[in-house]
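In what follows, a structure is listed as structure tokens, so that the remarks can point back to it.
Residue numbers run from 1 in the order of the sequence given. No experiment lies behind these values; they were computed from the predicted model shown.
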Amino acid sequence: MTTLVHGSDTLTRDALTVLQPGFVGTTAPDWLLRRIGEGLSSVGLFGRNIVTPEQLTALTAQLRAERDDVLVAIDEEGGDVTRLEVKRGSSFPGNYALGSVDDVELTRAVARELGRRLAQCGVDLNWAPSADVNSNAENPVIGVRSFGPDPDLVARHTVAYVDGLQGVGVAACTKHFPGHGDTNVDSHDALPRIDVDLATLHARELVPFRAAVAAGTKAVMSAHILLSALDPHRPATLSPQILTGLLRQELGFEGLIVTDGMEMQAVSATYGIERGSVLAIAAGADAICVGGGLCDEDTVLRLRDALVNAVRTGELPEERLADAAARVRALAAWTQAHRARGAGSVPGAAVQEGTAPGADIGLVAARRALRVTRGERPYTPVTGTPYVASFTPVANFAVGDETPWGIAAELERLLPGTETGSYDESSADSALADARERRVVAVVRDLHRHPWMIRALDALLAARPDTVVVEMGLNEAEPRGALHIATHGAARVCGRAAAEAVIGTGA
């Protein structure tokens with residue numbers, strides 16, 4: 001009987017250990033602290049949990065007062081996807097901007113400074129970088145989150161990003177394995193399917209992941225996508241062929257395999273989160289990410305009990321759950337050792353690593369990423385108080401609609417009195433009426449993907465040919481306007497760099 005009770009306790013702790021849940025609030029709720037005491041080894045942070053660096057530091061200290069080796073994870077890609085600066089926009093450009101510059105030392109320096117800030121706040125696992133090769137320009141969820149469409153470029157910048165993060169003690173989690181770039185469906189909404197042959201997958205999707213594994217990435221995040229050439233029946237997150245056969249055995253990855261959010265519709269709509277979590281661990285995953293949407297105690301208990309029951313019924317081998325839990329603890333030990341050495345914890349520490357010019361490295365990178373194309377007529381910089389017309393597409397779930405984007409705030413800083421308006425699938429008439437006699441700066445995002453946006457912009461340019469056009473998404477459409485500025489991302493620093501170019505002080 002004693003052995004049975006001890007075994008049950010161990011099983012329950014292992015089930016809690018493999019969960020990476022979220023929660024609501026800027027301090028840890030009592031239920032979360034209690035579950036950490038019972039064995040929960042990881043906590044995921046989102047924008048709703050963060051107000052200031054000081055508050056975040058206090059929150060992570062609160063978690064570690066309960067258990068010093070708890071893994072604190074975050075989805076902080078920089079660029080369009082930021083949790084540290086969810087209310088103001090990121091101080092770092094995203095992958096597409098860095099890939100467009102194609103300076104791996106710059107990418108490494110950006111990742112290092114971002115990692116330093118995370119480590120300083122007590123965060124030690126970053127669900128980044130995205131190593132997806134964005135080969136499909138119609139992709140609604142990856143886009144500027146990718147370094148670009150070339151596998152080798154993506155590979156070298158993924159390695160630099162991993163090096164930058166892990167050099168300051170923050171574990172990188174390279175995603176979304178085996179590659180989410182050739183999709184036209186957002187896995188938050190439905191199950192994307194990629195129907196290409198194995199040769200294409202190995203020559204394209206897998207190139208950056210092979211490089212990341214060779215570079216020592218501590219974690220890899222699986223994608224909720226169906227790759228028919230690898231497994232025609234189950235998405236990658238639930239596929240033994242992909243997680244164990246390909247990632248573990250063929251690529252030789254020994255670190256932590258983390259699932260993408262288990263509540264995403266690509267998995268939950270078909271399997272449910274409980275069965276999906278059991279299948280994921282059985283397939284070879286080690287940690288279940290949940291909390292972007294479902295972020296309460298009941299979710300944690302449902303997943304814990306589903307895993308325990310699956311072991312007891314024989315559906316999930318106990319040794320597989322134990323192995324997954326051991327990998328979580330191994331990564332926690334690695335991050336704990338780095339914290340003990342004080343990696344990344346010195347306030348105001350310099351970032352100088354080769355080309356890194358200090359804490360403003362994000363703005364430096366954003367300025368370098370600008371691509372400015374002048375129209376046929378001589379360009380006259382904007383000097384008055386312009387009108388910024390932002391044509392706004394629906395934000396995908398990963399980016400969210402909380403984070404401001406555009407250049408209006410930065411232009412207002414440079415040219416006080418700047419006005420702005422946001423427009424969706426309406427004509428340009430409203431923007432023209434609102435602008436009155438002011439010079440127009442039209443801001444678009446992924447212009448090539450939105451016919452309504454193209455029509456509105458063309459009408460605006462026909463009426464006001466001196467309009468400046470700022471593209472803050474994929475730079476796929478032909479440049480147009482008196483001045484065309486491609487920022488390669490919508491981070492706050494990208495907006496600042498573009499605003500400088502509009503008034504003639506930048507590129």
Side-chain angles (χ1 to χ4, degrees), residues 77-81 92-111 128-165 172 174-184 192 194-215 217 220-221 223 225 227 229-230 236 246-247 251 355 365-366 368-371 373 398 445-449 471-479 486-491 494:
E77 299 176 15
D80 289 26
V81 179
F92 303 93
N95 286 3
Y96 185 47
L98 296 172
S100 73
V101 178
D102 195 14
D103 178 347
V104 292
E105 292 305 320
L106 179 69
T107 295
R108 183 176 288 107
V110 166
S130 292
D132 309 292
V133 179
N134 199 63
S135 56
N136 186 344
E138 298 299 316
N139 196 316
V141 67
I142 301 301
V144 297
R145 300 167 66 197
S146 165
F147 289 110
D150 177 71
D152 292 329
L153 178 144
V154 175
R156 60 180 173 266
H157 287 277
T158 296
V159 168
Y161 210 101
V162 168
D163 286 346
L165 285 178
T174 305
K175 62 187 183 185
H176 306 80
F177 185 82
H180 208 314
D182 189 18
T183 59
N184 58 11
I194 298 179
D195 291 312
V196 297
D197 58 28
L198 280 174
T200 300
L201 290 173
H202 281 274
R204 189 179 65 187
E205 271 75 16
L206 295 178
V207 171
F209 290 99
R210 287 184 184 275
V213 169
T217 184
V220 169
M221 177 175 282
I225 55 175
L227 292 100
L230 294 171
L246 178 60
L247 182 54
L251 271 62
T355 62
R368 289 185 62 187
L370 284 190
R371 297 293 180 271
T373 305
R445 198 166 176 174
D446 292 343
L447 180 66
H448 68 286
R449 291 184 51 233
E471 169 62 82
M472 303 196 79
L474 289 184
N475 187 32
E476 292 288 325
E478 285 295 317
T487 61
H488 301 92
C494 296

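Thr174 is not listed as a side-chain neighbour of Met221, based on a closest heavy-atom distance of 4.5 Å or more. Proximity of Leu227 to Ile225: side-chain heavy atoms (C-beta onward) are separated by under 4.5 Å at one or more points. Using a 4.5 Å heavy-atom cutoff, the side chains of Leu474 and Leu447 are not in contact. Phe177 has its side chain within reach of Leu206: a pair of non-hydrogen atoms, C-beta onward, lies under 4.5 Å apart. Between Val154 and Val207, the closest side-chain pair of non-hydrogen atoms is not below 4.5 Å. Annotation: side chain of Val133 is not in contact with side chain of Glu205 (no heavy-atom distance under 4.5 Å).
Formation of a donor-acceptor pair under 3.5 Å by the Asp103 side chain with backbone atoms of Glu105 is found in this model. A donor-acceptor contact shorter than 3.5 Å links the side chain of Asp132 to the backbone of His176. For His488 (side chain) and Ala369 (main-chain N/O), a donor-acceptor pair under 3.5 Å exists by modelled atom type. The main-chain N or O of Ser130 is found under 3.5 Å from a side-chain atom of Asn95 such that the two form a donor-acceptor pair. Remark: side-chain polar atoms of Glu471 are paired, donor with acceptor, to backbone N or O of Asp446 under 3.5 angstrom. The main-chain N or O of Gly143 is never found under 3.5 Å from a side-chain atom of Ser146 such that the two would form a donor-acceptor pair.
Separating the CZ atom in Arg108 from the NE2 atom in His157 is a distance of 10.0 Å, to the nearest 0.5 Å. Taking CG from Asp152 and CZ from Arg204, the interatomic distance works out to 13.5 Å, rounded to the nearest 0.5 Å. Atoms OG1 and CG, on Thr107 and Leu98 in that order, are 4.0 Å from each other to the nearest 0.5 Å.
Ion pairing of Arg145 with Glu77 is present here, as a side-chain N (NZ or NE/NH1/NH2) and a carboxylate O approach within less than 4.0 Å. Taking a cutoff of 4.0 Å between a charged side-chain nitrogen and a carboxylate oxygen, Asp80 and Arg445 qualify as a salt bridge. Salt bridge status for Asp102 with Arg156: present, with a side-chain N to carboxylate O gap under 4.0 Å.
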Intermediate values then yes/no, side-chain contact (heavy atoms from CB on, under 4.5 Å), Glu476 and Arg449: CA-CA 9 Å; Glu476 292 288 325; Arg449 291 184 51 233; over 6 Å; no
### Stepwise side-chain contact (heavy atoms from CB on, under 4.5 Å) test for Arg368 and Leu106
CA-CA 10 Å; Arg368 289 185 62 187; Leu106 179 69; 3.9 Å; yes
(request) Check the pair Arg210 / His202 against side-chain hydrogen bond (donor to acceptor under 3.5 Å, both in side chains), numbers first and verdict last. (result) CA-CA 9 Å; Arg210 287 184 184 275; His202 281 274; 3.1 Å; yes
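Across every non-hydrogen atom of Tyr96 and Asn475, the tightest pair is OH-N, 3.0 Å. Looking at every heavy atom in both residues, His180 comes nearest to Pro192 through CE1-CG, 3.9 Å. Heavy atoms only, all atoms of each residue included: Met472 and Ala491 are closest at CE-O, 4.4 Å. For the pair Ala365 and Val110, the tightest heavy-atom approach, listed with the atom from each and the gap, is CB-CG2, 4.0 Å. The minimum heavy-atom distance between Pro178 and Leu246, with the atom names listed, is CB-CD2, 4.5 Å. Thr158 and Ala131 get closest at one heavy-atom pair: OG1-CB, 3.6 Å.
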